[in-house]
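All values reported here derive from a predicted model rather than from experimental measurement. Sequence lines set the chain letters: A, B, ... in the order given, protein chains first and strands last, and positions in each chain run from 1.
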Amino acid sequence: MTVKTRFAPSPTGMLHIGGARTALFSWLYARHFGGEFVLRIEDTDKERSTDEATQVILDGLSWLGLDWDGEPIYQGARQDLHIAAVKKMLTHGKAYKCYCSAEELENMREKQRIAGKNTMYDGTCRHLDPNDTSTKDVPYVVRFCSPEEGETWVKDMVLGDVCFPNEEIDDLIILRSDGSPTYNLAVVVDDADMGITHVVRGSDHLNNTPRQIQLYQALDLDVPQFAHIPLIHGADGAKMSKRHGSVAITEYREKGYLPHAMNNYLARLGWSHGDDEVFSRQQLIEFFNLDNVGKGAARFDQDKLDWLNAHWIKSSDAKDLVAEVSYFLALDTSQGPALVDVIPTLQERSKNLIELADGARFFYVAPSEYQEKAVKKNFKEDTWGLLDAFIAKAEAEVWSGQAAHQWIEDICTASGVNMGKLAQPIRILIAGVPVSPPIDITLALLGKEETLTRLQAGIKTLKS
RNA sequence: GUCCCCAUCGUCUAGUCGGCCUAGGACACCGCCCUUUCACGGCGGCAACACCGGUUCGAAUCCGGUUGGGGAUGCCA
């Protein structure tokens with residue numbers, strides 16, 4: 001049997017970290033077995049679904065490289081199928097019309113709460129005579145006839161076997177009074193119809209599962225394998241949801257994260273492969289399985305994500321970073337050194353692409369001001385003489401980064417001071433701040449002309 | 001309230017049918033080294049089996065209970 005998984009988000013909120021990880025696990029499972037991974041947008045809640053949220057789902061998954069097979073499927077377009085299933089159950093006596101109003105239901109629940117009982121539908125309409133015409137003009141919903149006795153077992157690939165007493169499960173609504181199908185019915189019909197073999201989803205769906213299993217059985221459909229993966233909690237320990245503490249996954253792209261760093265981080269949140277922390281995309285696909293997914297919820301840890309991002313930035317080919325960096329740089333770089341040459345000097349000192357772009361900026365824009373604190377610390381009485389000596393050397397000799405480094409060393413040695421006494425002032429004058437890649441590399445990239453121009457302009461400014 | 005799930009360092013986790021665990025790795029944190037800056041890197045340190053019973057020669061690993069956390073309880077998905 002070929003594995004077929006799906007990711008079925010509802011576009012009622014932004015796709016966040018938790019949803020992205022569910023998608024990743026589902027995708028990895030399918031790819032690991034060479035199966036299929038499909039995307040199904042569950043837009044049956046027309047009130048809350050938005051095109052914007054749908055777009056974030058599509059963009060987010062694309063950004064992460066979680067490619068889905070075929071076109072995305074919109075659940076709303078499959079209503080006929082769902083309604084047909086409801087009709088079938090109705091005619092087979094596996095569902096019934098319920099005329100209870102929202103108020104009646106609320107009163108019923110209130111009483112149950114006070115009595116300390118499980119709040120569930122009491123089955124008032126379950127035994128009504130279907131031929132009774134007195135209810136003809138009253139709006140109704142359709143409820144599923146849930147078994148009243150026995151138990152329903154969920155065989156979960158992550159959690160193991162979980163038992164639900166049937167008496168705890170009430171008759172759920174499968175068709176709303178406006179004639180639209182509800183979630184539990186739609187998922188079952190769609191998963192079965194699409195041939196989904198493994199349903200990988202968040203464990204917040206575990207409680208729905210016994211109901212869905214009953215629905216599969218009532219419709220005489222094959223029950224898929226289930227894998228409920230633990231939720232991701234926010235820093236406060238509570239569920240991270242579209243309504244609580246979540247950040248749209250696309251935000252991470254704007255914050256300078258690499259999609260693969262994101263995948264690597266998300267994969268390790270709940271899943272492990274021995275002591276390994278760093279995985280390439282291929283390794284993820286090769287090693288991933290549901291057996292090594294833990295049962296406990298995990299917390300989102302920004303520091304570790306940052307560390308992985310830094311790691312993958314360091315490990316990237318500079319040419320693969322050019323487009324992204326230039327996006328964050330938002331500058332015309334044609335007059336300065338090639339970005340592809342600048343990037344390698346910054347890779348090991350950037351934990352995200354914004355930092356990298358910020359570090360590259362001075363190569364293209366001369367400083368308009370000099371960090372006060374740095375100037376105060378690095379410019380002393382003898383600094384001017386050292387700088388003059390350096391400029392004189394630069395004007396007289398053949399320029400190269402290596403040569404410049406040598407001049408600095410020679411000048412400092414001759415004056416009996418360490419290299420920082422001259423290298424730091426130069427850095428501040430050309431970059432505006434006391435931080436840059438190694439001085440020889442920086443100067444080589446910046447070039448003789450630009451370096452001397454900035455040095456002289458800076459000296460003039462600081463002396464006045 | 002009721003049902004369901006979970007429980008190893010601050011965080012992510014290793015621990016696969018009990019002994020090799022005086023509990024390993026990673027992030028973070030703290031030292032030291034490297035170093036012209038910022039970083040990278042290297043070395044070292046701090047730090048956990050929630051609690052109580054039981055089974056066993058032996059339990060982080062099995063069983064029961066307690067506590068704690070989470071999820072669900074919708075004509076949302």
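- Among the protein residues, Phe164(A) comes within range of the sugar-phosphate backbone only, with heavy atoms under 4.0 Å from sugar or phosphate atoms but none that close to a base.
- No salt bridge links Glu372(A) with Lys376(A); every basic N to acidic carboxylate O contact stays at or beyond 4.0 Å.
- The base-pairing partner of U35(B), taking Watson-Crick or G-U wobble contacts with both distances under 3.5 Å, does not exist among the strands shown.
- Base-pair partner of U61(B): not found among the strands shown (Watson-Crick or G-U wobble, both distances under 3.5 Å).
- Of the candidates His205(A), Gln212(A), Arg211(A), Gln212(A) is the only one forming a side chain to side chain donor-acceptor pair (under 3.5 Å) with Asn184(A).
- One donor-acceptor pair, N or O on each side, does fall under 3.5 Å between the base of A77(B) and the side chain of Asn208(A).
- Nucleic acid contact for Leu206(A): sugar-phosphate only, since backbone atoms but no base atoms lie under 4.0 Å from a heavy atom of the residue.
- At a cut-off of 3.5 angstrom, the base of C75(B) holds at least one donor-acceptor pair with the side chain of Ser177(A).
- Residue whose closest nucleotide on RNA chain B sits further toward the 5' end, between Ile173(A) and Asn418(A): Asn418(A).
- If you check distances only, the side chain of Arg349(A) never reaches the base of C40(B) with a donor-acceptor pair under 3.5 Å.
- No contact: Ile114(A) has no heavy atom under 4.0 Å from any strand.
- Residue Thr119(A) has its side chain nearest to G1(B) when only G1(B), U37(B), C75(B) are considered.
- Comparing the P positions of G44(B) and G24(B) gives a spacing of 14 Å, expressed to the nearest Å.
- Checking G68(B) for Watson-Crick or G-U wobble geometry (two distances, each under 3.5 Å) identifies C6(B) as its partner.
- Between atom CZ of residue Arg268(A) and atom CD of residue Glu277(A) there is a gap of 4.0 Å, rounded to the nearest 0.5 Å.
- U73(B) atom C1' lies 16 Å from atom CD of Glu167(A), rounded to whole Å.
- Under the 30°/60° scheme for interplanar angles, the aromatic rings of Phe288(A) and Trp271(A) are found to be tilted.
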_ring pair (Phe, Tyr, Trp, His ring centres under 6.0 Å) evaluation trace for Tyr140(A) with Tyr96(A)_ = CA-CA 10 Å; Tyr140(A) 65 88; Tyr96(A) 61 92; over 10 Å; no
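- Taking the side chain of Pro165(A) as heavy atoms from C-beta on, and the options C12(B), C3(B), C5(B), the nearest nucleotide is C3(B).
- Using a 4.0 Å heavy-atom cutoff across all strands shown, Pro210(A) reaches no nucleic acid atom at all.
- Cation-pi geometry between Arg21(A) and Phe25(A) is met: the NZ or CZ atom falls under 6.0 Å from the ring centre, inside 45° of the normal.
- Among the nucleotides C4(B), C6(B), U36(B), the one closest to any side-chain atom of Lys295(A) is C6(B).
- Here U37(B) is the nucleotide among U37(B), A77(B), G71(B) with the atom lying nearest to any side-chain atom of Arg427(A).
- Across all strands, Val162(A) comes closer than 4.0 Å only to sugar-phosphate atoms, never to a base (heavy-atom distances).
- Using a 4.0 Å cut-off, no side-chain N or O of Ser203(A) falls inside it from OP1 or OP2 of G70(B).
- In terms of phosphate contacts, Arg143(A) brings no side-chain nitrogen or oxygen within less than 4.0 Å of OP1 or OP2 of G74(B).
- Shown here, U55(B) forms no base pair; nothing in the strands shown gives a Watson-Crick or G-U wobble contact with both key distances under 3.5 Å.
- Here Pro230(A) lies out of heavy-atom contact (under 4.0 Å) with every strand.
- Rounded to an integer number of Å, the gap from NZ of Lys46(A) to P of A77(B) is 9 Å.
- With rounding to whole Å, His233(A) atom NE2 is found 10 Å from C5(B) atom C1'.
- Within the 4.0 angstrom heavy-atom criterion, no nucleotide atom of any strand lies near Cys98(A).
- Listed candidates were C38(B), U2(B), G41(B). Nearest to the side chain of Asn118(A) is U2(B).
- Test Tyr257(A), Trp307(A), Phe300(A) against Tyr265(A) for ring pair (Phe, Tyr, Trp, His ring centres under 6.0 Å) and you get one pass: Phe300(A).
- G1(B) and U73(B) make up a base pair, with Watson-Crick or G-U wobble contacts both under 3.5 Å.
- Comparing U36(B), G71(B), C6(B) against the side chain of Leu231(A) picks out G71(B) as the nearest.
- In this structure C17(B) sits in no base pair that meets the Watson-Crick or G-U test at under 3.5 Å.
- For Lys314(A), counting side-chain heavy atoms from C-beta on, the closest listed nucleotide (C3(B), C40(B), C12(B)) is C40(B).
- Distance Asp45(A) CG to C75(B) C1': 10 Å, rounded to the nearest Å.
- Using atom P as the reference point in both C62(B) and G18(B), the two lie 9 Å apart (nearest Å).
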*What does nucleotides 14-31 of chain B look like as a protein-contact string, B for base, S for sugar-phosphate only, - for none, at under 4.0 angstrom between heavy atoms?*
S---------BBBSS---
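- A salt bridge links Arg40(A) and Asp191(A); the closest N-O separation between the charged side-chain nitrogens and carboxylate oxygens is under 4.0 Å.
- The nucleotide G44(B) finds its pairing partner in C30(B), both defining distances of the Watson-Crick or G-U wobble pair being shorter than 3.5 Å.
- Under 4.0 angstrom from either OP1 or OP2 of C76(B) there lies at least one side-chain N or O belonging to Arg176(A).
- When distances are taken from the side chain of Gln424(A) to each of U13(B), U36(B), U11(B), the shortest belongs to U36(B).
- A gap of 37 Å separates the P atoms of C4(B) and U22(B), to the nearest Å.
- For the P atoms, the distance from U2(B) to G45(B) is 50 Å, rounded to whole Å.
- An anti base is found at C29(B): its glycosidic angle is more than 90° from 0.
- Of the two residues near RNA chain B, Pro9(A) and Leu159(A), the one whose nearest nucleotide lies more 5' is Leu159(A).
- Under the 6.0 Å distance and 45° angle rule, Lys255(A) counts as a cation-pi partner of Tyr252(A).
- Contacts of His228(A) with the nucleic acid, taken as non-hydrogen atoms under 4.0 Å apart, are absent.
- Using a 4.0 Å cut-off between charged side-chain N and carboxylate O, Asp190(A) and Arg6(A) make no salt bridge.
- C6(B) sits 15 Å from A14(B) when the P atoms are compared, rounded to a whole Å.
- Straight-line distance between the P atoms of G68(B) and G31(B): roughly 38 Å, to the nearest whole Å.
- Using a 4.0 Å heavy-atom cutoff across all strands shown, Ser180(A) reaches no nucleic acid atom at all.
- Under the 4.0 Å criterion applied to side-chain N and carboxylate O atoms, Arg78(A) and Glu42(A) are not assigned as salt-bridge partners.
- Taking atom P on both A60(B) and A77(B), the two are 47 Å apart, rounded to the nearest angstrom.
- The gap from the C1' atom of G69(B) to that of C51(B) amounts to 15 Å, rounded to the nearest Å.
- Summarising the geometry, the separation between CD on Glu168(A) and P on C3(B) is reported as 6 Å, rounded to the nearest angstrom.
- Ring geometry for Trp384(A) versus Phe379(A): interplanar angle of 30 to 60°, hence tilted.
- We find that CD1 of Ile426(A) is positioned 17 Å from P of C38(B), with the value rounded to whole Å.
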